[in-house]
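Bear in mind the structure is a predicted one, so any value in this text is a computation, not a measurement. Chain naming here is simple, since letters A, B, ... match the order of the sequence lines and numbering starts at 1 in each. The basis for the numbers below is simple: all heavy atoms, side chains too, and nothing from hydrogens, waters or symmetry mates.
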Amino acid sequence: MSSPSARKSKADIWRTLASVITVLVFLFLLLPIAAVLPLSFSSGSFLAYPMPGLSLRWYEELLTNYKWLLALKNSAVVGIGAAALSTVLGLSAAIAMRGLGPRARSIVNGFLIAPLVMPVIIMAVGLYLFFSNLGLVGTIPGMILAHTVIGTPYVVISAGAALQNFDMQLIRAAKSLGASPWMAYRRVMLPAIRPAIVAGALFAFVASFDEVVIVLFLAGPGQVTLPVRLFEGIRDELTPVVIAAAMIMIMISVGLMTVIELLRRKSVARRGME
Amino acid sequence: MVHARSGAVPQRRFVEFAGVQKSYGSVKVVSDLNLGIERGEFVTLLGPSGSGKTTCLMMLAGFESLSAGDIFLDGASIGSMPPQKRNIGMVFQSYALFPHMTIAENIAFPLQARRIGKAETAERVARALAMIRLDSFGGRLPGQLSGGQQQRVALARALVFEPSLVLMDEPLGALDKQLREEMQYEIMHIQQRLGVTVVYVTHDQSEALTMSNRVAVFNGGKIQQLGPPKQIYEEPVNTFVARFIGENNRLDGTVRAISDDGCTIDAGSGRSIRAVAVNVSAAGERTTLSIRPERVVVGPAAANAENCFDATIDEVVFHGDHLRMSATVCAQPGFIVKIPNSAGISMGSPGDSIKIGWAASDCRALDHG
């Protein structure tokens with residue numbers, strides 16, 4: 001039998017070991033990124049250390065070169081469009097799914113979530129063939145539609161989880177008080193699940209913002225998005241401007257993920273209050 | 001329905017269930033319900049869970065569809081009208097207050113749904129808050145109020161748009177006993193003051209007896225008895241009602257004879273009991289007699305009663321304001337007698353023999369159950 005203090009020190013050792021492993025994993029994941037990011041501030045034209053000096057010239061290049069600006073604009077338009085469409089469709093689906101039996105619900109849910117587990121390349125080929133018949137290849141609306149397919153599951157999952165905790169008696173109460181179904185949803189249900197809806201919409205935006213494969217298939221020269229432009233930049237130019245673009249993308253993604261986490265905490269706190 | 005004079009409009013009650021049925025698949029939850037409720041009445045649907053009472057309320061509110069029949073409100077058919085068009089107030093057991101809205105916003109909600117102006121809304125909300133004595137609580141959120149306060153807010157919200165009918169689905173079920181009794185009186189007084197018609201659902205018989213003008217006792221999807229609380233309690237029409245409402249002594253026997261002024265029941269070993277014939281039709285039938293514990297007389301006074309028997313005391317329990325005795329009568333144990341606690345009272349002790357008696361009019365011969 002080990003004494004309590006010995007057992008305690010044993011637990012301490014394990015905890016320290018776990019911390020060390022965690023730190024190592026983080027380093028493994030983050031070091032490659034951290035290693036290249038400073039190059040975006042280099043005054044030289046090559047992706048190599050040591051840097052000849054510091055400058056913001058690559059950020060300036062990024063924000064003045066029409067190719068990069070177009071890519072940034074396309075990413076924003078497609079991302080916001082897809083997020084908006086995903087939110088409307090995903091929320092409608094999540095609300096409608098509540099009315100289904102458990103069996104039908106799991107089938108419909110599986111169908112709606114499918115884009116998350118489908119190989120993107122398969123989806124991209126399918127969308128390409130389908131859209132080319134409709135004249136949607138090489139158009140911004142086509143890309144918005146395609147990214148809506150991958151964005152909708154996030155909203156379905158996020159809004160669906162919040163609706164599970166929503167008391168449907170409140171909708172009955174609203175109707176008994178004279179509210180139309182629309183007023184009941186807008187004034188009673190939506191405020192209750194708003195953090196989850198916003199989180200789902202942001203997920204959908206990030207999913208579109210980071211997406212490369214579908215864009216490669218569907219985009220013409222005028223519809224290139226930021227990640228694809230990045231890809232082209234590495235292939236064609238390989239100057240620190242691609243690192244500057246990566247820096248901007250990372251900051252946007254990290255910023256949005258932070259907002260999502262804050263929303264999640266807020267909705268957990270709200271549920272705890274009741 | 002065929003009317004003698006052509007063109008005659010059937011005289012509808014304020015609320016009327018006409019041949020209402022509800023089934024889920026092959027399961028009949030409510031079968032052929034006919035119930036009329038007058039304007040200003042407080043009617044309680046009372047019954048055990050699964051008796052169909054809540055389903056009836058939900059059909060009246062519009063949250064359940066009817067399988068057959070129709071419901072009329074103030075002469076108009078509402079059987080297939082959506083709930084938000086019925087103008088019926090509703091109070092839920094779970095309060096169902098909107099958690100993200102303040103108390104004042106909750107109460108204003110039905111007024112906003114009716115597009116009532118801002119000034120009038122504010123005035124009516126203030127009046128509603130005063131009615132439930134929560135004047136200073138308008139700015140708080142529901143989560144900051146106690147259960148009783150929340151239910152008063154739910155009541156105010158269901159009344160503020162002045163519906164002519166308010167439904168209550170076990171509104172006091174989530175409250176503790178003392179608060180429940182306070183709220184019973186509060187709801188009764190508000191109902192009487194406003195003259196609003198109330199349909200109230202509960203499984204608590206004392207709540208039903210206290211609050212209602214009339215009680216409908218439900219079991220198995222049917223109304224077993226409909227009448228004022230006093231009648232339901234004192235003149236149950238069958239064994240279910242007698243057993244469900246209040247405390248009740250049961251004695252099993254066989255009908256010996258039925259006459260105009262009552263019947264005679266053979267309780268075994270040649271003992272005969274005089275009773276009111278309620279649910280018996282012929283000699284030789286099995287029957288269950290129902291006698292309320294507080295109508296039983298013990299000791300020397302019992303000798304003057306129409307029915308008088310020797311009993312053996314099994315147990316005597318002191319209950320403060322009354323004594324409660326359990327005895328064996330006519331070879332059937334578990335006969336309860338309640339005696340008010342007065343000075344110098346003594347009921348004897350277990351094993352003692354005692355005289356027990358009751359009037360024939362307090363003893364009802366019901367279906368054998």
Side-chain angles (χ1 to χ4, degrees), chain A residues 87 91 94-96 98-105 158-201 262-274, chain B residues 54 57-58 60-64 81-102 105-116 128 141-145 150-151 153-163 165-171 174 199:
Chain A
T87 305
L91 180 61
I95 291 172
R98 284 190 62 104
L100 299 175
R103 207 182 145 78
R105 192 185 308 174
S158 176
L163 282 173
Q164 290 252 301
N165 294 308
F166 177 74
D167 178 10
M168 281 307 280
Q169 193 86 287
L170 295 180
I171 293 296
R172 285 189 161 189
K175 285 184 180 172
S176 82
L177 296 169
S180 63
W182 170 244
M183 182 181 176
Y185 280 121
R186 193 175 55 81
R187 295 273 321 269
V188 178
M189 183 187 271
L190 289 190
I193 61 170
R194 184 175 291 143
I197 297 171
V198 176
L262 290 176
L263 284 171
R264 194 189 62 80
R265 287 190 192 174
K266 192 175 160 194
S267 81
V268 167
R270 184 180 296 190
R271 232 173 292 143
M273 198 187 75
E274 277 159 24
Chain B
T54 303
L57 196 77
M58 290 301 162
L60 183 50
F63 298 128
E64 293 279 359
M81 188 187 276
Q84 65 271 23
K85 299 256 168 71
R86 297 191 182 195
N87 205 35
I88 296 176
M90 179 135 185
V91 180
F92 297 83
Q93 178 174 3
S94 62
Y95 320 137
L97 297 179
F98 307 131
H100 58 285
M101 295 186 203
T102 64
E105 285 167 349
N106 263 281
I107 297 177
F109 187 87
L111 302 176
Q112 287 162 355
R114 286 166 178 75
R115 306 186 185 288
I116 287 170
L141 288 171
Q144 297 168 309
L145 268 59
Q150 288 190 49
Q151 196 54 295
V153 174
L155 187 65
R157 190 178 65 172
L159 290 167
V160 72
F161 58 100
E162 291 169 5
L165 174 64
V166 174
L167 313 181
M168 303 193 189
D169 184 15
E170 310 229 6
V199 180

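Contact annotation for B:Leu111: neither backbone nor side-chain heavy atoms come within less than 4.5 Å of a heavy atom of chain A. Only the side chain of B:Phe161 has a heavy atom closer than 4.5 Å to any heavy atom of chain A. Only the side chain of B:Arg114 comes within contact range of chain A, judged by heavy atoms closer than 4.5 Å.
When all heavy atoms of A:Gln169 and B:Ser94 are compared, the pair lying nearest together is CG-OG, 3.7 Å. Taking every heavy atom of both residues into account, B:Gln84 and A:Ala179 meet most closely at CB-O, 3.1 Å.
When side chains are defined from C-beta on, B:Met101 does not count as touching A:Pro191, because their heavy atoms never get closer than 4.5 Å. Using a 4.5 Å heavy-atom threshold, the side chains of B:Met58 and A:Arg172 count as touching. Inter-residue side-chain proximity for A:Met183 and B:Phe109 is flagged as met; some heavy-atom pair is nearer than 4.5 Å.
Atom CD of B:Glu105 and atom CZ of A:Arg187 lie 7.5 Å apart (nearest 0.5 Å). Rounded to the nearest 0.5 angstrom, A:Leu177 CG and B:Ile88 CD1 are separated by 12.0 Å. Atoms CZ and OG, from B:Phe92 and A:Ser176 in turn, are 4.5 Å apart once rounded to the nearest 0.5 Å.
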Applying side-chain contact (heavy atoms from CB on, under 4.5 Å), run through A:Leu170 and B:Tyr95 and close with a yes or a no.
CA-CA 9 Å; A:Leu170 295 180; B:Tyr95 320 137; over 6 Å; no
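Between chain A and the residues B:Pro82, B:Pro110, B:Gly62, B:Pro142, the most heavy-atom pairs under 4.5 angstrom are made by B:Pro110. Among the candidates B:Pro163, B:Ala154, B:Ala96, B:Ala158, the residue making the largest number of heavy-atom pairs closer than 4.5 Å to chain A is B:Ala96.
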